Structures are given as structure tokens and as C-alpha cells.
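Everything below concerns the one structure shown next.
By convention here, the first residue in the shown sequence is residue 1. Ligands are counted one by one from 1 in listed order, and the atoms in each one are counted from 1 as well. Just so you know, these numbers come straight off a predicted model, no measurement behind them.
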Amino acid sequence: MKIYIDGEYYDKENAKISVFDHGLLYGDGVFEGIRAYHKRVFKLQEHIERLFYSAKAILLEIPMSQEEMCDAVVETCRANQIENGYIRLIVTRGAGSLGLSPDSCPKPGVIIIANTIQLYPREIYENGMEIITAATSRNYVNAVNPAIKSLNYLNNILAKIEASNAGCEEAIMLNSEGFVAECTGDNIFILHKGTIYTPPLAAGALYGITRNTVIDLAREAGFKVEEKNLTRYDLFIAEECFLTGSGAEIVPVVMIDKRIIGSGKPGDVTRKLEEKYHALTHVSGEPI
Ligand code: PXG
């Protein structure tokens, strides 16, 4: 494996950064998780744009252009002969002193890891996933805004631990008003009486790239898609529920807090969207 750090490639054993990097000390940095399918990087431009937006929001100046970043990602995939895989792109604040202030960090670090992907078990895609609601709330939008894909994921990790403790792979996170925001690493959708609903981004969710793609695909297929504040009740009475994420793609959900969703099996609309999503991953993306 060849790992890109600041323009150079390192073997896995030698791919190391400073213990004084504020990415490690404070979670001060931003990242992206990107998929490659059939020797193409899926939605690369969208991920790079979001990375730069995240960086802008935390006043982190990435030391290269979006175009150079795209090239570096594709080149790292090429160096690792990636055909299907997962790319982790990280920009840290860089090494500095032990104080909080980013002023002591003169040079941000850029890391690109191109690897194989660890998916949810196949059984989950076949039979659907069981999820729970976490007691841990999604960050308030005036704290670390959930739209920023920052290296500080502890909020989500706390909810993920709750999911694991309940024997689940994912957990729903509510915002401080009690509305559904998203899951720990996936956005959430439901189908109710023929309309597809997903929480508005202002509810406190990552501006999911898969979420966007699925909204477009659903509308193209003639479905009505609405962004609406949802409560747990709305989820319980839905006919279908599914999660979206670059890693997860589209995951059917069949049980929430022990309530059976719809028929208890992955729904027809979810299946149709999965099909359309997979078809798109076969034909689009930045060539490696
Ligand atoms: N919400 C959150 C909080 C995320 O971190 C998504 C939604 C889905 O966004 P995209 O753009 O990928 O459709 C994410 C991204 C993992 C893992 O290992 C998942 C993400 C990030 C880091 C790790 O499951 N998902």
C-alpha cells in the first residue's frame, strides 16, 4: 500500500505524522470518504468541493487547489491499482504547539489512503438492518456544525457505541429539538403514503453526497421527494426506511427501536433506488 502524505508516497509502516499534529491533539481537521467503482472515482468533484467547504468553515487553508486535490486522489488510486475501493482523504491542521490555537500550525497536512472497502455484512442488504435511536444528540448547529465533516467525530462515535451495545450497526441521532437529524455515518430516508421524506439539512446533518444522488434518482424515477422535519413517530409509521452513505450506499432498515417498519422486509421503492444507484456507479466517475 502506498499512502500519500504531503505530495510523497510512503509504505504503510512508514506513513506517519507528528504527535504534535492538531488533527490528533484536538480533532482539528477535515476529511472525506470516497468510493471507487470499476476503475473510476465516484462523485470525486462533489467530495472535493465538500472537503474545501468543510475547511473553509474551520478557517483551514488547504495548500493546493481543488483541481490539484482531484489529481492527487486519482494518482493515489493509480499508485495503489485501485479498481473498486475506498478512499480516505484527510486534511489536518498540521503540527504545532500544545496550545489550542491553530496559529501555531504553519502547514496543514494532506493525507490520502486508497484501500479496499469494509462494507456492512451482506445479510443486512438482503434482509434489512435493525437500528435504534441514540440517547446522544446530534451536535447543535451552533456548536461544531454537523455539516462540517471534521476530524472530531466523537459525538457520532458515542452514538455508534450505543448502537453496538444494542447489537445494531447504526443509530438514529436526534437534534436538540428532538427531530431526526441522521445516523452516525449515514443519512436517513422514509417512504410514507407514496412520498419519500428526508430531514432537511438544517435539522443538523451532513450534506450527504449519496443523499443528493438518491434524491435526484428518485425524482427522475417519478417519486415525490420532500425534505421535512421528522420525529421518531414518523419513522415508526413509515412503509419503508433506508440509509444512504458513500460506504453504505443504500441500506434498507426494517426495525427501529423494536418497531417493525412496513412489512419487515426491504421495500420495493428501496430496492428500485438501490438498483438505480448501482447502475449509476457502473457508468459514472473520474477515470483512474
Ligand atoms: N452522515 C454522516 C455523519 C457521515 O459521516 C454520511 C452521512 C453520508 O455522506 P455521503 O456523502 O458519504 O453520502 C456520512 C459519511 C464509516 C464512515 O466508516 C462513514 C462516513 C464517514 C466516515 C466513516 O461508516 N460517512
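- Any N or O atom pair closer than 3.5 Å counts here, and His47 shares no such pair with ligand 1.
- At least one N or O atom of Arg50 sits closer than 3.5 Å to an N or O atom of ligand 1.
- Contacts between Asn156 and ligand 1 below 4.0 angstrom, taking non-hydrogen atoms only, involve the side chain exclusively.
- In terms of protein heavy atoms, atom 6 (C) of ligand 1 is closest to Gly185 O, 3.3 Å.
- Atoms of ligand 1 found under 4.0 Å from any heavy atom of Arg88 (numbered from 1 in listed order, with element): 22 (C), 23 (C).
- Near Asn187, the atoms of ligand 1 lying under 4.0 angstrom from a non-hydrogen atom of the residue are 7 (C), 8 (C).
- Taking only nitrogen or oxygen atoms, main chain and side chain alike, Glu182 reaches within less than 3.5 Å of ligand 1.
- Residue contacts with ligand 1 do not include Lys43, since none of its heavy atoms lies under 4.0 Å from the ligand.
- With respect to Asp6 and Lys107, a salt bridge is recorded, a charged nitrogen being found less than 4.0 Å from a carboxylate O.
- Clustering of Ile, Leu, Val, Met, Phe, Trp and Tyr by side-chain heavy atoms under 4.5 Å joins Leu201 with Tyr207.
- Under the 4.0 angstrom criterion, atom 10 (P) of ligand 1 counts as having a protein heavy-atom contact.
- Taking 4.0 Å as the cut-off between side-chain N and carboxylate O, Arg211 and Glu227 count as a salt-bridged pair.
- Take Ala248 and apply the side-chain contact (heavy atoms from CB on, under 4.5 Å) test, not counting sequence neighbours, and it matches Tyr120, Tyr125, Asp186, Val251.
- Between Lys193 and Glu239 no salt bridge is recorded (no basic side-chain N to carboxylate O distance below 4.0 Å).
- Among the atoms of Ser246, some N or O lies under 3.5 angstrom from an N or O of ligand 1.
- Between the side chain of Asn229 and the backbone N or O of Pro200, no donor-acceptor pair lies under 3.5 Å.
- At least one heavy atom of Tyr153 sits closer than 4.0 Å to an atom of ligand 1.
- Residue-to-ligand polar distances place Thr210 within reach of ligand 1: an N/O pair is separated by less than 3.5 Å.
- Below 3.5 Å of separation, one finds no N or O of Gly245 facing any N or O of ligand 1.
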